[in-house]
Amino acid sequence: ELSNCFQNTVLVWAPCIYLWVLSPFYCLHLYCHGRGRLPLSSLCSAKLLLGFFLASFGFVEFFYILLERRQEIQQHLVFLLSPLCVWQVFAVCVIHWERVRGCRSSVFLFFFWLLGVVCSLIPKQALQGSLGDVFYLFKHLSTFCTFWPYSVFVANLFLFFSQNACPVQDASFLSKILFWWFSGLLFKGYRSPLQAEDLWSLREEDTSEKIISDLEEEWTAERTKQENHLSTSIALGSRLPEQAQFLRKIQKEQSSGFCLLRTLARSFGPYFLTGTLLSAFKPFSLFFKSLLLGFMKDEDAPLWKGYFYASLMFLLSCLQSIFNHQYTYTCFTVGMRVKTAVMGLVYRKSLVVNSAARRTCTVGEIVNLVSADTQKLMDFVVYFNAVWLAPIEITLCLFFLWQHLGPSALAGIAIVIFIFPLNGFIARKRSKLQEIQMKYMDGRVKLMNEILNGIKILKFYAWEKAFLEQVLGYREKELKTLKKSQILYSVSIASFNSSSFLIAFAMFGVYVLIDDKNVLDAQKIFVSMALINILKTPLSQLPFAMSTTMQALVSLKRLGKFLCQDELKPDNVTRESFKSGERSLNGTFSWSKDGPPCLKRISVRVPCGSLVAVVGHVGSGKSSLLSAMLGETEKRSGAVSVKGSSAYVPQQAWIQNASLQDNILFGREKKESWYQRVLEACALLPDLDNLPAGDTTEIGEKGLNLSGGQKQRVSLARAVYRKADVYLLDDPLSAVDAHVGQHIFNKVIGPRGILRDKTRVLVTHGMSFLPQADLILVLVDGEISERGSYQELLNRNGAFADFIHTFASSERKDCFSEASQRGNITVVCSRRLSVRLSVTEYMPFSRDLSQEQLIRYEILHLLIQFSIVFLYAFQQAASLSYNYWLSLWADQPVINGTQLNTDLKLGVYGALGFAQGIAIFGTTVAISLGCIIASHHLHLELLNNVLHSPMSFFESTPSGNLLNRFAKEIDAIDNMIPDGLKMMLGYFFKLMEVCIIVLMATPFAAVIILPMAFLYGFIQSFYVATSCQLRRLESVSRSPIYTHLNETVQGASVIRAFNEQSRFIMGVNHKVDHNQTAYFPRFVATRWLGVNLEFLGNGIVLAASILSVMSKGTLSPGMVGLAVSHSLQVTGFLSWIVRSWTDVENNIVSVERVKEYADTPKEAAWSIEGSSLPPSWPQKGTIEFHDYGLQYRKGLELALKGLLSDSLFFQIGIVGRTGAGKSSLALGIFRILEAAKGQIYIDGINIAEIGLHDLRSRITIIPQDPVLFSGSLRMNLDPFDAYTDEEVWNALELAHLKNFVSELPDKLNHECSEGGENLSLGQRQLVCLARALLRKTKILVLDEATAALDLETDTLIQSTIRSQFEDCAVLTIAHRLNTIMDYTKVIVMDKGHIVEMDSPSNLIAKRGQFYYMCREAGLL
């Protein structure tokens, strides 16, 4: 009973004081941070009316006291003072002020109403009379107001869902802490599948633009500080410049990771600290709950105390759940922002790294940085606080144990001191192993990137097996390292999870052994066990947190190293804005600071409006000259200045995965008349007729559905449309045939072209264009040997003049030897382009593991599953047994101040505990090994499925999607799933143990536990429906980021030349934001689930406590202690089950995404067992077509129709306009496309009946796009090591590469960079020729193979092919007509049809299309 004075003063004034003291500060805050007046909605009106209604009760109470309680007022004026505090009126004023300042919900008023409710619910003396009931009602009406913020939230939810704004910003306080604001999306996802448009837009503070703009400033400042510090320290400590440079590089790499960490901490640290403060509540609530167990020993305590303590434990559990999930929400929000920030920094860096740095950081490595490494940083943010919070919890636990057990607690401290150094050593070893593993992973992903980029070459040469072995070699090393790391991790987990037993065993053992009078009763044992159980969470989290931290430090180091790479210097080129279009170059240039110069003593001034041609042999430095003008090279000395804007056409066309129109406009506004003029000038109008959707047709990645010539013309059209002042054209006419090249020169580049008033620098091998150039630069070994106009150079009679005369005479030489016509060929080529754009109907063939391997794998799979379940069951049975043994020990009666058989009890307890420790180690090792075996199998299956897919699959699947599978998804299977499984299963079995203990103590608890289990399952299933859809949306939106990054890195020089960096940065910002739009609700869904489930778990705590109080007389103290001490862990267990289960559920999608390619149709078998194919096949190289037809996809007309021929055994030239379908025949011969009808016979054998590798390894193609892989030059020539070094050198000599290779330091072991970028395009083409010469097969297909070579080298190569393949069938698809003038037959194709076919001399005599093409090429 509380006194009247207390009831009418403290309980009435407490809310009033809170309101009056804090409201001025709150109103000032609203004034300073207002968001604009809210409209007076019906909801606001209702709120205000209800406030006035509540205030009116205050006045009623005031008059009632005046009239009915005059006597008391005279004695105690306090009765009159209490109702005078009409605080409701002021509360209404605050509500109105909030509306004026744009505040939709109020934390301040929430606590005010809550305080009012609490004060009104405290037991008071009953008021007499009818008005007493009114006042009772009045006091409880404030309860309704407690739920008012929630009603406001509901209204806001419906209001904002229509606008798609994130509701968290305007949710009420109660809604925010319980995540009720998320319920709307859950209901929507439960009713129907979620779509991208259903998701909320990101909050402004979560957008890429906001995050990165703030972070870039911090990072730039940090970099500058680091540079200054390094310069100072090295200047003081070293005098030698080489030594200083080396030290600078080493220190920069070592400190770069910490620089990045400091930058991220400054940007996101303050918000992260708010979450950290929330997490600090958890240990104190745990200790307070455990100390409540101390009240069990008071046998005479009244029952209400028991119920009070039970309710208090429930309240603490609920508060712990709320604080824990708010902390986790904060961590995930920070993690999301860190991911956005790091992705943004890496992307921006990839646009500015110089050539030397670009060679060390491949596309695969950069993709790894934004996938695997950013994920590790996100995990670090979530688990980092456990690194410092866990030791604090452990220290507090040991302190309270000392209070209970005295010096015996030192034994527990000794165990902890032993465990920590052991795990510190393990963490260091794992960190080193992870670095090694990441190195292997980088190598694997880099190789996979190259395989996907060069898959066409692999299929043409039948090299899939060689590269598959290389990838598996990396993978084996990666998994071997991972296995060592996981075994060490298992030791760590076993030591930490057994630590609670070891500490208890040591402390109880010392306690009972040092003195017989030391008795372990229920209170001592179970308060101690509750404290030791609290130790379980920090001790189990700590290895995971330390592991995550170590992984994050490695990732930080890798990211920092990349972000501190050397950048292109802005002063490489001096740019002046006024549009004169003049360009001057003077100095020496190299590709890296330490490398040899690629251009020496260059001095060029290009006058405004002139056409400058740059000529020279392969590798003479022509492309380097253009790169120097763009500022892409290191300037050793001299200066480069540009007046006006630039446009650049690279030698290898860079095409975006966008529509053809977007590729040409390249971010500019479309001006129809100019656009049409550009299309016509670049000879693209006829191609638009062949495309299914004209210029809106989507172009595949890297222009897969365009021919080489079309790609080059689109690249040129992009530059022309730009209307720049200076045009740098790197041999744009090499990939188009002669008459199209002449058309483009006349209409675009030449003196009468649309660029005639612009400054043009043209690298070319076409001699026919040189007379029209204003200035010709002749490059030899990086130096300008001659310069002048065409006539001036001829008059000098130098090397250039000799070459021109030699070439001109050989060009017009009469080499038209007529050969007899053998057979009639009729070919009708349909629209090649339109069909490439759709996914091809694949052959129904699938390559699987053998039946024996499958059975073996299934048996192993079942054994591991059985082992894991058995070991987990055994582990928890041992745990349950030793806990139950303790309860029996606690209940043993004390005789003469001692307990009997303590040694036996201690021995049994120890045996059970050690058995559990061994089982924990066995369990974690079994899961780790099982996951590694599964991961190896999944990766092998994925690799096999991808390599067995036909070319049409790669044309329709972005490489970013595939690379994401090999990088992010495989990494998740390797690392995330095993860790999540260990945690989830461990906590699940512990939860089962707790439920069994509670049921053993109080069987009646089943009435509460079982319904809660069903409710638990319902909430979980309700959540899963939405969670799966959010996960799908997030994974779908992730791949485009990697595809865009891949595309950007490869086209960085073009993007820089056009000065389009800001547009591409905006593009990646949009893609990252789109991905985060799905990621944000995904982790909020987990928090919603966690809060709801943990409140159910808290119900179990309440049930166990109340039932124990009710059964006080019947239960032994030991069982009560066991039940209550274990029930305290339920909330923590549920929290970790939710977290780990969600992690597993999210990462298990990686398995689905890896397996999705298992069901895609595959191409035919690589080899057929029992094949009777002769080893020397084909011996003659004769090709026969029997009614052969080819189509790109079922349902479309045939691309080749009814091809009939006798044996073809001669040289055939195939000519025609770019995109006419010349390559279709080659695709048919190599079975890149299977026959729609008919057959092809080679030496009398039907090629459809033999394995693909048996066919492709016996014939050879030199493709249009030369592709090299990173690795040695020898590996690029002979990946199977099938030829001797002598044979390789001979092939290089015939390909005119021997001199170049012999001058390299490592000769055949010269390391080619990714894509062969450290060789010129011409040199790469010669390497492809050397491959063909090495294979020396009876059938050779040349697909525009010498397009990138200068004419002199081309002439030499043609003579080599004629001499070396004299007795072979050679099919040449040519642009330079002079190369096929001595061929037996020439096929002229136009728009997919053969329009002419005869010997060259006969075709010229007929004066048809071939005759006009020869005239345009200057051959007649």
Side-chain angles (χ1 to χ4, degrees), residues 355 568 572-576 579-587 589 591 598-599 602-616 620-633 635 639-654 664 666 678 682 711-735 744-745 748-750 753-766 769-770 773-777 779 782 784 787 1051-1061 1320-1322 1348:
S355 303
L568 293 167
N572 279 350
V573 178
T574 307
R575 299 185 184 275
E576 298 177 37
K579 296 192 172 185
S580 68
E582 189 174 291
R583 188 176 280 267
S584 64
L585 184 77
N586 183 13
F589 304 87
W591 285 109
C598 57
L599 296 170
I602 297 291
S603 180
V604 181
R605 184 177 172 279
V606 183
C608 174
S610 61
L611 171 60
V612 176
V614 183
V615 296
S620 61
K622 302 184 294 298
S623 297
S624 300
L625 182 69
L626 296 192
S627 295
M629 290 179 174
L630 289 167
E632 299 281 323
T633 55
K635 184 174 64 180
V640 182
S641 70
V642 182
K643 295 175 182 176
S645 58
S646 302
Y648 173 53
V649 180
Q651 193 171 13
Q652 256 187 314
W654 176 71
I664 294 171
F666 206 53
V678 168
C682 295
K711 283 190 279 189
Q712 196 62 272
R713 282 182 284 124
V714 169
S715 179
L716 180 64
R718 175 200 296 146
V720 175
Y721 188 82
R722 198 69 173 189
K723 289 188 177 177
D725 303 311
V726 179
Y727 283 84
L728 303 177
L729 311 170
D730 195 352
D731 204 12
L733 305 178
S734 63
I744 290 172
F745 187 83
V748 179
I749 303 167
I754 56 179
L755 299 182
R756 56 185 172 275
D757 299 326
K758 308 290 185 181
T759 306
R760 293 142 290 155
V761 180
L762 173 68
V763 171
T764 184
H765 294 132
F769 310 131
L770 297 182
D774 300 314
L775 176 68
I776 298 171
L777 302 177
L779 278 175
I784 297 175
R787 73 176 75 204
S1053 57
V1054 177
I1055 295 165
R1056 286 192 292 266
F1058 283 85
N1059 199 25
E1060 285 287 334
Q1061 295 98 314
S1320 73
L1321 189 65

State, with a plain yes or no, whether a side-chain heavy atom of Met629 is found less than 4.5 Å away from one of Val761.
yes

Residue pair Ile749 / Leu762, side-chain heavy-atom distance below 4.5 Å
yes

Side-chain contact, heavy-atom cut-off 4.5 Å: Val642 with Asp725?
no

Show your working on side-chain contact (heavy atoms from CB on, under 4.5 Å) between Leu568 and Arg1056 and close with a plain yes or no.
CA-CA 11 Å; Leu568 293 167; Arg1056 286 192 292 266; 3.1 Å; yes

Are Val573 and Ser641 side-chain neighbours, meaning at least one heavy-atom pair lies under 4.5 Å?
no

Closest heavy-atom pair and its distance - Ala628, Leu599
CB-CD1, 3.8 Å

For Leu630 and Ala1057, work out which heavy atoms get closest and say how close.
CD2-CB, 3.7 Å

In Å and rounded to the nearest 0.5 Å, what is the CZ to CD1 distance from Arg713 to Ile664?
10.5 Å

Less than 4.5 Å apart, any side-chain heavy atom of Ile744 and any of Leu733?
yes

Output, in order, the C-alpha distance, side-chain angles, deciding distance and verdict of side-chain contact (heavy atoms from CB on, under 4.5 Å) for Val1054 and Arg718.
CA-CA 11 Å; Val1054 177; Arg718 175 200 296 146; 3.7 Å; yes

Can you name the nearest heavy-atom pair linking Gly782 to Ile602, along with the distance?
O-CD1, 3.6 Å

Does the side-chain contact (heavy atoms from CB on, under 4.5 Å) test come out yes or no for Phe589 and Leu625, once each step is laid out?
CA-CA 9 Å; Phe589 304 87; Leu625 182 69; over 6 Å; no

Restricting to non-hydrogen atoms, name the atom on Thr633 and the atom on Ser624 that form the minimum distance, rounded to 0.1 Å.
CG2-O, 4.3 Å

To the nearest 0.5 Å, tell me how far Ser627 OG sits from Leu728 CG.
9.5 Å

Taking the side chain as everything from C-beta on, heavy atoms only, tell me whether Leu779 gets closer than 4.5 Å to Val615.
no

Can you list everything that forms a ring pair (Phe, Tyr, Trp, His ring centres under 6.0 Å) with Phe1058? Sequence neighbours excluded, please.
Phe666

Nearest 0.5 angstrom please: Ser646 OG to Lys643 NZ, how far?
13.5 Å

Would you sort out whether Trp654 and Ile1055 count as a side-chain contact (heavy atoms from CB on, under 4.5 Å), showing the intermediate values?
CA-CA 10 Å; Trp654 176 71; Ile1055 295 165; 3.9 Å; yes

With distance as the sole test, does Lys758 use its side chain to make a donor-acceptor pair with the main-chain N or O of Tyr727 at under 3.5 Å?
no

Separation of Asn1059 CG from Ser645 OG (nearest 0.5 Å)
9.5 Å

Of all heavy-atom pairs linking Val678 and Ala717, the shortest is CG1-O, 3.6 Å

If you take all heavy atoms of Gly616 and Lys622, which pair is closest and at what distance?
O-NZ, 3.2 Å

So how far is it from Leu729 CG to Arg760 CZ, rounded to the nearest 0.5 Å?
9.0 Å

What I'd like to find out is whether the side chain of Val614 reaches to under 4.5 Å of the side chain of Thr764, using heavy atoms alone.
no

Any side-chain heavy atom of Leu611 sitting closer than 4.5 Å to one from Thr759?
no

Please list, chain by chain and in numerical order, all residues satisfying side-chain contact (heavy atoms from CB on, under 4.5 Å) with Ser623, sequence neighbours excluded.
Gln651, Asp730

